[in-house]
Amino acid sequence: MNIPTRIGYARTSTVEQNLNAQIATLEAAACTMVRTEQKSGERLDDRRELSTILDFIHDGETLVVTRIDRLARSMRDLQIIVDRLKQKGAHLVATEQPVDTSTAAGKAFFDMLGVFAEFETNLRRERQAEGIAAANTKGIYKGRTPKIDMDDIKRRLSKGERPIDITRDMGVARSTVYKAKSQITA
């Protein structure tokens with residue numbers, strides 16, 4: 001008797017977070033392969049390991065995750081993943097949630113979890129926006145520190161350096177250099 005292949009997928013949002021607990025859980029769930037990545041769940045198209053799984057998973061195989069939020073943060077992305085799995089004849093299982101898309105109850109619970117995951121993400125965004133607004137009101141929010149030193153670009157342009165050389169040396173877009181140049185002549 002052939003046991004269907006179970007492919008594990010573990011994800012954290014940042015490299016500072018640890019994947020070990022997810023990997024151990026997926027290995028204990030009889031996954032013959034575990035693919036990992038440390039990328040935000042906000043964008044589906046930015047996750048190479050998940051794309052590889054979805055491209056190569058076969059009929060009868062199962063994608064296993066510890067929790068649904070390891071796959072996506074929106075109902076739309078979750079539905080895209082499940083649709084791709086359905087097209088391949090594959091299933092989805094979450095070890096810590098009663099999700100198994102090979103059953104009617106599992107499919108229904110999966111849909112409910114997706115709605116709540118999206119709701120939680122939206123609440124987090126609202127709280128973050130409220131915090132930023134409160135900090136702005138108090139005058140303590142400065143925003144993100146700029147990564148590009150426009151003064152350095154302007155200084156180098158004033159010395160007569162070519163924009164192409166500045167672009168290459170500093171690793172900035174050509175448009176950024178020309179923006180700095182227009183600010184000098186303005």
Side-chain angles (χ1 to χ4, degrees), residues 3-129 131-132 143-148 171-173 175-176:
I3 297 173
T5 301
R6 293 170 65 92
I7 302 166
Y9 176 71
R11 182 190 64 80
T12 61
S13 298
T14 66
V15 293
E16 289 83 21
Q17 295 171 312
N18 193 318
L19 288 163
N20 294 341
Q22 287 182 62
I23 294 168
T25 300
L26 295 169
E27 288 172 348
C31 292
T32 54
M33 173 194 320
V34 176
R35 310 260 333 192
T36 64
E37 59 193 341
Q38 295 183 294
K39 294 268 188 178
S40 170
E42 293 284 327
R43 292 187 38 195
L44 185 58
D45 61 347
D46 194 32
R47 293 185 283 147
R48 190 175 318 183
E49 293 299 322
L50 179 59
S51 292
T52 299
I53 292 169
L54 295 174
D55 288 344
F56 293 101
I57 198 164
H58 294 93
D59 185 30
E61 294 181 340
T62 302
L63 171 58
V64 183
V65 294
T66 55
R67 293 185 325 272
I68 294 301
D69 67 349
R70 299 299 85 207
L71 280 179
R73 296 283 185 183
S74 73
M75 189 62 192
R76 182 182 157 277
D77 286 351
L78 283 170
Q79 290 297 351
I80 290 169
I81 292 166
V82 170
D83 286 344
R84 286 189 65 189
L85 291 171
K86 280 182 195 174
Q87 289 171 6
K88 299 269 188 148
H91 304 288
L92 173 65
V93 168
T95 61
E96 297 176 16
Q97 297 162 323
V99 174
D100 182 346
T101 61
S102 65
T103 69
K107 286 177 193 172
F109 192 75
F110 168 80
D111 287 342
M112 288 187 303
L113 282 177
V115 169
F116 288 117
E118 188 170 357
F119 176 65
E120 182 179 335
T121 299
N122 291 336
L123 283 177
R124 191 177 316 111
R125 280 191 189 125
E126 283 180 12
R127 286 192 301 267
Q128 181 181 15
I132 290 171
R144 180 172 60 101
T145 306
K147 293 181 179 182
I148 298 170
V172 297
S175 61
T176 302

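Just so you know, these numbers use all the heavy atoms, side chains as well, and skip hydrogens, waters and symmetry mates. A quick note: this is a predicted structure, and the numbers were derived from the prediction, not measured.
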Donor-acceptor pair, distance only, cut-off 3.5 Å: does the side chain of [X] make one with the backbone of [Y]?
{"X": "R47", "Y": "R11", "result": "no"}
{"X": "T12", "Y": "T14", "result": "yes"}
{"X": "K88", "Y": "D55", "result": "yes"}
{"X": "R67", "Y": "E96", "result": "no"}

Rounded at 0.5 Å granularity, tell me how far [atom1] in [X] sits from [atom2] in [Y].
{"X": "C31", "Y": "I23", "atom1": "SG", "atom2": "CD1", "answer": "11.0 Å"}
{"X": "I53", "Y": "R48", "atom1": "CD1", "atom2": "CZ", "answer": "13.5 Å"}
{"X": "L71", "Y": "T66", "atom1": "CG", "atom2": "OG1", "answer": "9.0 Å"}
{"X": "T62", "Y": "I57", "atom1": "OG1", "atom2": "CD1", "answer": "7.0 Å"}

So which heavy atom on [X] is nearest to which on [Y], and how close?
{"X": "Q38", "Y": "L19", "answer": "CG-CD1, 3.8 Å"}
{"X": "I7", "Y": "E61", "answer": "CD1-OE1, 3.7 Å"}
{"X": "A10", "Y": "Q22", "answer": "CA-OE1, 3.3 Å"}

Kindly indicate whether the side chain of [X], heavy atoms from C-beta on, has any atom under 4.5 Å from the side chain of [Y].
{"X": "V99", "Y": "V93", "result": "no"}
{"X": "L54", "Y": "L85", "result": "yes"}
{"X": "H91", "Y": "L63", "result": "no"}

For R124, look at atom CZ and say whether over 12 heavy atoms of other residues, nucleotides or ligands are found less than 6.0 Å away.
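Enclosed: over 12 neighbouring heavy atoms sit under 6.0 Å from CZ of R124.
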
With R70 via salt bridge (charged side-chain N to carboxylate O under 4.0 Å, His left out) - residues at least two apart
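Not a single residue meets the salt bridge (charged side-chain N to carboxylate O under 4.0 Å, His left out) criterion with R70.
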
Restricting to salt bridge (charged side-chain N to carboxylate O under 4.0 Å, His left out), what partner residues turn up for R127, sequence neighbours left out?
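In terms of salt bridge (charged side-chain N to carboxylate O under 4.0 Å, His left out), with neighbours along the sequence ignored, R127 is linked to no residue.
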
Which residue pairs pass the side-chain hydrogen bond (donor to acceptor under 3.5 Å, both in side chains) test when at least one of the two sits in residues 26-37, sequence neighbours left out?
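Qualifying pairs: Y9-E37, R35-E49.
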
So that I can tick it off, tell me whether D77 and R43 are bridged by a salt bridge, with the cut-off set at under 4.0 angstrom between side-chain N and carboxylate O.
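No, no charged N to carboxylate O under 4.0 Å.
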
Given D100 and L92, is the side-chain contact (heavy atoms from CB on, under 4.5 Å) satisfied, shown in steps?
CA-CA 6 Å; D100 182 346; L92 173 65; over 6 Å; no

